[in-house]
Undergrad: 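Before I ask anything, here is the structure I am working with.
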Amino acid sequence: HVLLNFAYYKMSSSDSGHRKGPSAKDNPNYDLCEFLMELSAYERNVTRNTFKSNAYRSAASSLAAYPTRVTGAKEASSIKGIGKRISEKIEEFLSTGKLKKLEKIRTDDTSTALTELTRVSGVGPAKARQLYDAGITNIMELKKRTELLTHHQLIGLKYVEDFEKKIPRAEVQTIERAIRGSLSNMKQQYNMTVCGSYRRGSERSGDVDVLLTYDNVEVERKTVKLEESSSSLTKETNAKNEVAKKRKDISDGSSDEENHNKDNINTKKNRKLKADQKYTTSSPSGSSSDNKSYATNESSSPSANKESASKTNHRAMLQSVVHQLQKDNIVTDQLSLGDTKFMGVCRVPPEECYRRLDIRLLAPEHYYCGILYFTGSDLFNKDMRTQALAAGFTLNEYNIRPMGSTGVPGEPLHVNSELEVFDYIGMKYKQPSERNM
DNA sequence: TCGACGGCGCATGAGC
DNA sequence: GCTCATGCGCC
DNA sequence: GTCGA
């Protein structure tokens, strides 16, 4: 039941007892996981060696999943992700109760400063080092030097305590209801799914991760049935099912070319259409029609027009969603806002804590792969992508495509539910609650 | 022994 | 003004 | 730091 907690090393050695690492406190190797995570934070924040950091984190994760207390180096090194060096450290910890390397790190001023500063959202290892070089060693001092911070970092500083607190499940539900209520007052109706660990049934979440799509996509009932607070969604969806299906058929039939482009061109390239035209770079899976549309002048290409129109619509849509939520005093701050992703802050009274809120706007044809991906866990996703490859498909957060013998991905497959993705790759369907790997 | 280790959206600033 | 690289957070 | 080609 253990999952990687990326927020974890942001809080290590700092918080007040409610932190949840890669292992619950009842884990037989809890203390060992703790010190491995502390080493992971050190490698990330101080030495800036992400690979070492990840190695420690992955070792901690494996150890947390290990059922019994590790008794020695030999046993430790039999665990995947734990090699010679880490098993030596485990041995040292088991026999002396501490780790020399860690004791030294804990008393090192630079190290403690950098770790403290990275508690602020938007402050990573690089910014922390920069601030430290400017003479700032803790958050109190940082509050006096706000001119050094970006907008994101200012918000992160403002809510640094709140963002370290986990969100109880009941509160996520309250937030979910508030957002549903707010969005129901909009002209454009949205389908909404709260993903992340919440959807997997977790009792506490780090943030609220909302996925929206603007078409009335048929919602997968098997899943919905088992999810709390989904009765309204189910009802609404059923009522609109027929309309939805019809619309969907129409759109699928008429916009093949558009979908084709959308699915094969990554957004970065898309944004730089001009540059691509100049260099006539082909898209990763470039078919002739792709290249054609690239070579064509934007204004004279129907598909390019559609493309850019849909892009701006997305931006406008997401903006108006955020506006609505601000109007209803749900969204309080904004960290970033683009075509498809909003990151910000929300609060629903009487709760006093400010919470991290992410909203993603997905095109209907990307909806199910989207909720699949953003429901995670990340380890589950990794495993599923591997199985997809083995079954001759490539799976990402947008779609699933068959892999031709040439290694070139084919057209995105039509997906009408999460279940269908499992079916394509011959995997038994897993409820969200069964995806906690 | 030696390279891989995830990929993406958004903000920001460097460079032109 | 533009493009590109980098930092960051995210599953 | 660990894994595996």
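The analysis underlying the following values was restricted to heavy atoms, covering all of them including side chains, and did not include hydrogens, waters or symmetry mates. A, B, ... follow the sequence lines: proteins, then strands. Residue 1 opens every chain.
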Undergrad: If the threshold is 4.0 Å, N to carboxylate O, is there a salt bridge linking A/Glu434 and A/Lys428?
TA: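 Here A/Glu434 does not pair with A/Lys428 in a salt bridge, since their nearest N and O are not under 4.0 Å apart.
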Undergrad: Answer yes or no: does a side-chain N or O of A/Tyr398 lie under 4.0 Å from OP1 or OP2 of C/dC11?
TA: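 So the side-chain polar atoms of A/Tyr398 never come under 4.0 Å of the phosphate oxygens OP1 or OP2 of C/dC11.
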Undergrad: Under 4.0 angstrom, heavy atoms only, what part of the nucleic acid is A/Glu397 near: base, sugar-phosphate, or nothing?
TA: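 Sugar-phosphate only.
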Undergrad: When you check the phosphate oxygens OP1 and OP2 of B/dC5, does a side-chain N or O of A/Ser58 lie under 4.0 Å from one of them?
TA: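 The answer is no; no side-chain N or O of A/Ser58 sits under 4.0 Å from OP1 or OP2.
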Undergrad: Which part of the nucleic acid, if any, lies within contact of A/Thr375, taking any heavy atom under 4.0 Å across all strands shown: a base, the sugar-phosphate backbone alone, or nothing?
TA: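 If one applies the 4.0 Å heavy-atom cut-off, A/Thr375 turns out to touch the sugar-phosphate alone, with no base involved.
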Undergrad: Any idea which of C/dG9, B/dC5, C/dC11 is nearest the A/Asp378 side chain?
TA: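 Side chain of A/Asp378 sits closest to C/dC11.
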Undergrad: So what does A/Arg48 hit on the nucleic acid, given a heavy-atom distance under 4.0 Å: a base, only sugar-phosphate, or nothing?
TA: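 The residue A/Arg48 makes no contact with any strand.
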Undergrad: When the nearest nucleotide of DNA chain B is assigned to A/His152 and to A/Arg385 on a heavy-atom basis, which residue is associated with the more 5' position?
TA: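 Nearer the 5' end of the strand: A/Arg385.
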Undergrad: OP1 or OP2 of D/dG1 less than 4.0 angstrom from a side-chain nitrogen or oxygen of A/Lys89, does that happen here?
TA: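 Answer yes for this pair, as a side-chain N or O of A/Lys89 is under 4.0 Å from OP1 or OP2.
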Undergrad: Testing the 3.5 Å rule here: is there a donor-acceptor pair between the side chains of A/Glu91 and A/Ser95?
TA: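 A/Ser95 and A/Glu91 do not have a side-chain donor-acceptor pair below 3.5 Å.
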Undergrad: Of the options B/dA11, D/dT2, B/dG6, whose atoms approach the side-chain atoms of A/Ser336 most closely?
TA: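 Of all the options, the side chain of A/Ser336 is nearest to B/dA11.
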Undergrad: By nearest atom, which of the nucleotides B/dC10, C/dC10, C/dC11 is closest to the A/Met343 side chain?
TA: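 Comparing B/dC10, C/dC10, C/dC11 against the side chain of A/Met343, the answer is C/dC10.
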Undergrad: Does either side chain, that of A/Asp333 or that of A/Tyr159, offer a donor lying less than 3.5 Å from an acceptor on the other one?
TA: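 Side chains of A/Asp333 and A/Tyr159: pair found under 3.5 Å.
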Undergrad: What is the separation between atom CD1 on A/Ile79 and atom P on D/dG1, rounded to the nearest whole Å?
TA: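 For the pair A/Ile79 CD1 and D/dG1 P, the rounded distance is 18 Å.
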Undergrad: Check the distance between B/dA11's C1' and A/His151's NE2 and give it to me in whole angstrom.
TA: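 Rounded to the whole Å, the gap is 10 Å.
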Undergrad: Could you state the atom-to-atom distance from CZ of A/Arg129 to P of C/dC8 in whole Å?
TA: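 So the two atoms are 12 Å apart, to the nearest Å.
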Undergrad: Separation of A/Leu149 atom CG from C/dC8 atom C1', in whole Å?
TA: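 Result: 14 Å.
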Undergrad: Roughly, in whole Å, what's the span from CG in A/Leu39 to P in D/dG1?
TA: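 Roughly 9 Å, once rounded to whole Å.
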Undergrad: What nucleotide, of B/dG7, B/dC10, D/dG4, holds the atom closest to the side chain of A/Lys80?
TA: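 Ranking B/dG7, B/dC10, D/dG4 by closest atom to the A/Lys80 side chain puts D/dG4 first.
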Undergrad: Taking the P atom in each of B/dC8 and D/dT2, what is the distance between them to the nearest angstrom?
TA: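 Their P atoms lie roughly 29 Å apart.
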Undergrad: By nearest atom, which of the nucleotides C/dC10, B/dG7, B/dC5 is closest to the A/Arg360 side chain?
TA: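 My answer, after comparing the listed nucleotides, is C/dC10.
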Undergrad: On DNA chain B, nearest-nucleotide positions of A/Lys382 versus A/Leu335: which is more 5'?
TA: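 Its nearest nucleotide lies further toward 5', so the answer is A/Lys382.
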Undergrad: Identify which nucleotide among D/dT2, C/dC11, C/dG7 has an atom closest to any side-chain atom of A/Asp207, counting heavy atoms from C-beta outward.
TA: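 Closest of the options to the side chain of A/Asp207: C/dC11.
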Undergrad: Is a salt bridge present between A/Arg119 and A/Glu161, judged by a nitrogen-to-oxygen distance below 4.0 Å?
TA: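 Salt bridge between A/Arg119 and A/Glu161, a charged N being under 4.0 Å from a carboxylate O: yes.
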Undergrad: Among the candidates D/dG1, B/dG9, C/dC11, find the nucleotide nearest to the side-chain atoms of A/Lys52.
TA: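 Of all the options, the side chain of A/Lys52 is nearest to D/dG1.
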Undergrad: Take atom CD of A/Glu164 and atom P of C/dG9, then tell me their distance rounded to the nearest Å.
TA: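 Atom CD in A/Glu164 sits about 12 Å away from atom P in C/dG9.
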Undergrad: Taking the basic N atoms (NZ, or NE/NH1/NH2) and the acidic carboxylate oxygens, is any pair closer than 4.0 Å for A/Arg180 and A/Glu176?
TA: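 A/Glu176 and A/Arg180: salt-bridged.
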Undergrad: Given C/dC11, B/dC5, B/dG9, which nucleotide is nearest the side-chain atoms of A/Phe51?
TA: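 Looking only at side-chain atoms, A/Phe51 lies closest to B/dC5.
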Undergrad: So A/Ile90 and A/Asn29, side chain to side chain contact (heavy atoms under 4.5 Å, CB included) or not? Walk me through it.
TA: CA-CA 10 Å; A/Ile90 288 176; A/Asn29 297 301; over 6 Å; no
Undergrad: Atom CG of A/Asn54 to atom P of C/dC11: distance rounded to whole Å?
TA: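 It is 16 Å, rounded to the nearest whole Å.
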Undergrad: Starting from P on B/dC8, measure out to CG on A/Leu361 and report it in whole angstrom.
TA: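 Value for this atom pair: 19 Å.
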Undergrad: The side chain of A/Tyr373 is closest to which nucleotide in this list: B/dC10, C/dG7, B/dG7?
TA: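 Nearest to the side chain of A/Tyr373 among the choices is B/dG7.
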Undergrad: From D/dT2, B/dA11, B/dC8, pick the nucleotide closest to the side chain of A/Ile86?
TA: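 Nucleotide nearest to A/Ile86's side chain: D/dT2.
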Undergrad: Would you call A/Lys89 and A/Glu92 a salt bridge, taking side-chain N to carboxylate O under 4.0 Å as the test?
TA: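 Answer for the salt bridge query: no.
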